[in-house]
Amino acid sequence: MAELGPSRRISTGAPLTGIFRVLLLVCVSVALASRDVGTNETRSDAAGEAQAPHQTNSTIHKKAFPVLSLNYDHVRKPFEIALWILLALLMKLGFHIIPRVSSVVPESCLLIGVGLLVGGIIRAIREEAPVLDAKLFFLYLLPPIILDAGYFLPIRAFTENMGTILVFAVVGTLWNAFFIGGMIYAVCQIEGAELAGVDLLSCMLFGTIVSAVDPVAVLAVFEEIHINELLYILVFGESLLNDAVTVVLYHLFEEFSHAGTVTVVDAFLGVACFFVVSLGGILVGAIYGFLGAFTSRFTSHTRVIEPLFVFLYSYMAYLSAEVFHLSGIMSLIACGVIMRPYVEANVSHKSYTTIKYFMKMWSSVSETLIFIFLGVSTVAGPHAWNWTFVIFTVVLCLVSRVLGVIGLTFIINKFRIVKLTKKDQFIMAYGGLRGAIAFSLGFLLTENEMKSMFLTAIITVIFFTVFVQGMTIRPLVELLAVKRKKEGKVSINEEIHTQFLDHLLTGIEDVCGHYGHHHWKDKLNRFNKTYVKKWLIAGDRSTEPQLISFYNKMEMKQAMMLVESGSAARLPTLPTLLSSASMQNIQLKESARGRVIPSISKSREQEIRKILRGNLQNTKQRLRSYSRHDLFMDPFEDNVSEVRFRKQRMEMERRMSHYLTVPANRQEPPAVRKVCFEPEHRVYTYDDSESPRGPAARPRPGPPETVGLLKETLPRPNQSSKRGAEAPEQEEQDQLKLSRCLSDPGPNKEDDHS
Amino acid sequence: MPNSSVRVQRARARSVRGSRTGRAGGAAAAAMGASQTRSEHRHQDLADRTGFSLEQIKNLHRRFQQLSGDEETISKENLESIPALANNPIRKQIIGAFFDKRNQNRDEVGSCEQIGFEQFLMVMSHFRPPSLKTTAEEKEAMRREKLRFLFNMHDTDNDGTITLVEYRKVVEELLSKSGAIEEETAKAIADAAMLEVASTNVPAMGPDDFYEGITFEHFEQILKGLEMETRMHIRFLDVDTTTMRCGKFTS
């Protein structure tokens with residue numbers, strides 16, 4: 001205990017001092033950065049002055065050649081941007097080193113705190129702080145987060161709950177906006193609050209801004225509490241889809257506050273505008289999604305730029321929607337959702353990993369920067385604190401959210417099969433966090449005397465929801481025992497039964513004569529398979545059923561895990577690769593059951609061999625598409641394909657032995673372990689013609705040898721059966737001999753494998 | 001009041017079918033009227049037993065009449081002639097499930113040739129969703145019942161386990177409508193799935209042990225994560241006459 005003491009102290013002390021050191025460094029460099037602007041100007045003046053006499057007295061006085069010079073102006077902008085991002089990431093790193101803090105306080109709060117600190121420091125040295133510029137936010141910081149969310153959206157849960165999500169997004173946001181706006185206007189009419197100058201339209205505008213649930217904040221908090229998928233998709237889906245409503249209402253009220261009056265026609269135009277904005281956004285996203293999918297069909301020769309296509313098409317979708325004032329968020333989501341299945345079928349495994357990691361990286365950086373800038377802007381921005389206004393805003397936000405959720409759930413539960421319980425409602429109401437979108441929209445308001453007051457109120461609401469609700473939601477979730485996300489690994493049984501269930505329910509619906517949810521989904525799937533996939537997916541992957549691609553992915557994953565763990569023997573928990581249960585345990589009984597397999601004719605044997613061999617080739621080809629890389633032989637990838645190939649080969653052998661085993665006589669012991677192969681030293685160069693690497697592939701002793709084995713056994717039945725054809729009474733004998741040779745080529749291979 | 005509306009609806013449905021004249025339809029409808037009260041009682045009785053509402057039973061009865069061509073029972077051919085089912089890869093299993101005696105909550109095995117409305121309802125009752133008032137035990141029982149239905153669909157030889165051969169057949173059927181079947185891949189998938197069940201349920205198996213087949217307990221265990229009671233359901237309220245006419249067949 002005693003010796004642990006000092007070391008523990010040191011270890012907790014180290015990150016703290018580390019962070020302080022980092023902070024100090026950052027402050028100094030920021031100060032330096034802003035100071036240098038001044039010094040650079042003086043320097044350039046001095047240089048200019050020096051230049052003038054220099055030109056006149058060029059022959060008289062020669063300036064010494066500058067060995068080391070300082071020119072900060074040149075790199076100022078990228079330097080500062082990089083510095084900020086570095087600061088943000090170092091903060092993020094620091095938080096995870098201190099375990100206690102990060103388990104109590106959500107990351108978003110910590111980051112805002114850091115932003116406040118940095119903003120305070122910048123203010124103390126009396127410099128201009130970078131504020132969360134609306135343009136910066138909407139064009140650079142928001143898209144990566146939304147793209148990440150849209151690309152990895154759980155489609156099944158989303159479409160199953162689409163009705164609920166839409167009701168909450170549209171009706172809920174409208175209710176929030178009008179309720180808050182109206183009540184705030186009523187509050188402003190109270191005497192003595194000095195708020196008489198706020199008119200109805202400004203209040204409604206304010207209500208719109210502060211009513212929208214923010215996807216960034218929701219993501220930041222919900223990701224950490226690992227809540228179950230239904231609640232996650234309800235709150236998160238709502239935060240995504242309410243963007244259309246927010247955009248329309250915002251522009252509507254802004255136009256009206258300039259025009260001054262509202263007519264009924266304007267209201268109708270507003271409704272029409274809503275449909276245009278949302279459906280238009282989705283359409284733009286869909287177009288870019290299909291373009292992206294189509295492009296990815298042809299990238300088989302330039303694999304390195306595949307991820308860029310995904311990102312660029314999505315970003316273009318967002319920007320194009322923003323050009324027409326359509327909902328950029330919905331466009332981005334639509335693009336990601338549509339592009340994903342086709343792109344994933346087309347790109348190589350490495351590109352898939354790259355896409356996944358880059359998206360996560362960018363969205364993580366964006367989120368961090370957003371929260372830090374929020375903190376900085378809070379310190380920097382002009383504030384006008386008005387107790388009544390702010391307090392009432394916060395209270396009204398909470399009240400309207402709770403009322404909205406309860407009221408809408410009551411209506412929705414009449415139409416839902418899986419009803420929302422009170423616990424679900426509570427979490428949904430509590431999870432309605434406001435975030436940076438509200439702040440940026442407030443920032444975009446035209447300058448008037450109320451803008452500062454609005455901004456202050458918005459910031460207060462954001463802080464309240466992020467800090468208070470964000471921090472307390474985790475203990476509340478645990479207290480209420482809300483269902484958590486189940487952390488299981490993918491199971492092929494579940495996948496099989498999910499598909500089975502889909503077909504079953506569609507069938508039952510057809511028997512009932514009821515064109516329901518499953519019927520239309522089935523129709524869409526079939527349409528997708530027969531027409532769309534042919535255009536958008538390259539090669540023969542377009543006809544691959546979903547179950548098979550799932551299975552291949554799973555195999556790939558397991559093969560990679562096998563390689564990563566170093567050696568096959570050490571693998572602890574993979575069920576299908578190694579463990580006490582193996583193929584033998586399943587298949588042995590069949591041969592012992594004594595089902596008589598009729599003696600196989602020669603042509604049938606040929607057929608079987610052809611199928612097996614054909615499948616082997618197909619497997620190899622598919623492996624190739626996974627292991628595509630441009631120039632160099634990557635030992636990792638080769639190992640993966642080798643391992644997988646070896647595994648497949650073992651399966652083939654077993655299956656082949658099953659086919660060709662004839663347990664006709666009961667006296668025949670089923671598990672004869674005689675192996676009569678000729679030695680395995682022949683190096684077989686099967687992939688000479690196919691491998692792009694050609695002769696380089698030859699001197700590998702591993703897989704070629706095992707394939708040689710397979711090839712070797714294949715001709716064997718040919719020979720024996722040929723003999724059998726000559727002497728019919730010999731046929732049985734030969735079959736038995738064959739079975740002895742080939743039944744259970746077990747121990748040799750097993751030693752090899754384990 | 002309910003009598004006349006049902007009669008009117010029946011007459012309308014019949015006139016669409018076109019093979020009967022209005023007169024015959026009218027006469028049949030009049031004859032029907034006498035047995036209205038009897039069928040009402042029967043429906044109420046069925047409602048109590050299966051848990052459907054009266055409205056749902058009426059809708060399903062209409063559909064049953066349409067499928068059976070106004071007979072008392074339906075046979076496999078009646079179900080096979082539904083055009084929408086033609087594209088379904090597991091069509092045979094679905095139709096077979098209706099005629100499977102094990103789904104009738106009695107302890108018989110085997111399959112029937114014809115089933116009546118009551119048996120039709122019994123099979124359909126496996127697809128009812130849980131309501132807000134269902135308790136946790138009831139949900140558990142419901143899940144077990146639905147899983148049992150699925151299990152019976154897979155276990156065709158009725159020995160209480162799903163063997164490797166049966167499971168292979170399941171996967172093959174699933175992939176049957178997806179174009180070029182690679183039989184070997186289907187077998188590989190089924191084998192992998194079986195292996196997974198074996199290893200999760202019986203963790204320590206020696207090389208000479210044999211895993212007979214998936215028992216119902218193992219089946220439950222492996223599909224625990226799917227939450228069957230909320231996934232395996234269809235909406236029964238929305239069955240109406242217009243959609244039923246779309247599923248027309250010549251008979």
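A note on names: the letters A, B, ... follow the listed sequences, proteins ahead of strands, and every chain is numbered from 1.
Within the 4.5 Å cutoff, the side chain of B:Arg231 has no heavy atoms near those of the A:Leu505 side chain.
Under the salt bridge (Lys or Arg N to Asp or Glu O under 4.0 Å) criterion, A:Lys521 pairs with A:Asp502, not counting sequence neighbours. The ring-ring contact (aromatic ring centres under 6.0 Å, His included) check on A:Phe500 picks up B:His154, with sequence neighbours excluded.
Distance check: A:His497 NE2 to B:Phe219 CZ gives 3.5 Å after rounding to the nearest 0.5 Å. The CD1 atom of B:Ile222 sits 4.5 Å away from atom CG of A:Asn493, with the distance rounded to the nearest 0.5 Å. Atom CD in A:Glu495 sits 10.0 Å away from atom CG in B:Leu174 (nearest 0.5 Å). Within the model, atoms SG of A:Cys512 and CZ of B:Phe120 stand 5.5 Å from one another, a figure rounded to the nearest 0.5 Å.
Scanning both residues, A:Val511 and B:Met124, for their nearest heavy atoms gives CG1-CE, 3.9 Å. The heavy-atom pair separating A:Gly507 from B:Ile94 by the smallest distance is CA-CD1, 3.8 Å.
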Subject >> Check against side chain to side chain contact (heavy atoms under 4.5 Å, CB included), A:Leu504 and B:Met153 >> reply: CA-CA 10 Å; A:Leu504 174 66; B:Met153 280 182 85; 3.7 Å; yes
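B:Arg91 does not touch chain A: none of its heavy atoms, backbone or side chain, sits under 4.5 Å away. Proximity to chain A (any heavy atom under 4.5 Å) is shown, for B:Val123, by neither the backbone nor the side chain. Of the atoms belonging to B:Leu223, it is side-chain heavy atoms, and not backbone ones, that fall under 4.5 Å from chain A. Heavy-atom distances place the side chain of A:Leu501, and not its backbone, under 4.5 Å from chain B. Only the side chain of B:Ile90 comes within less than 4.5 Å of a heavy atom of chain A; its backbone N, CA, C and O stay farther away. Heavy atoms closer than 4.5 Å to chain A are found nowhere in B:Ile95, neither backbone nor side chain.
Within 6.0 Å of CD on B:Glu173 lie more than 12 heavy atoms contributed by other residues, nucleotides or ligands.
Note: B:Ile189 leads B:Asn88, B:Val171, B:Ile189 in heavy-atom pairs under 4.5 Å with chain A.
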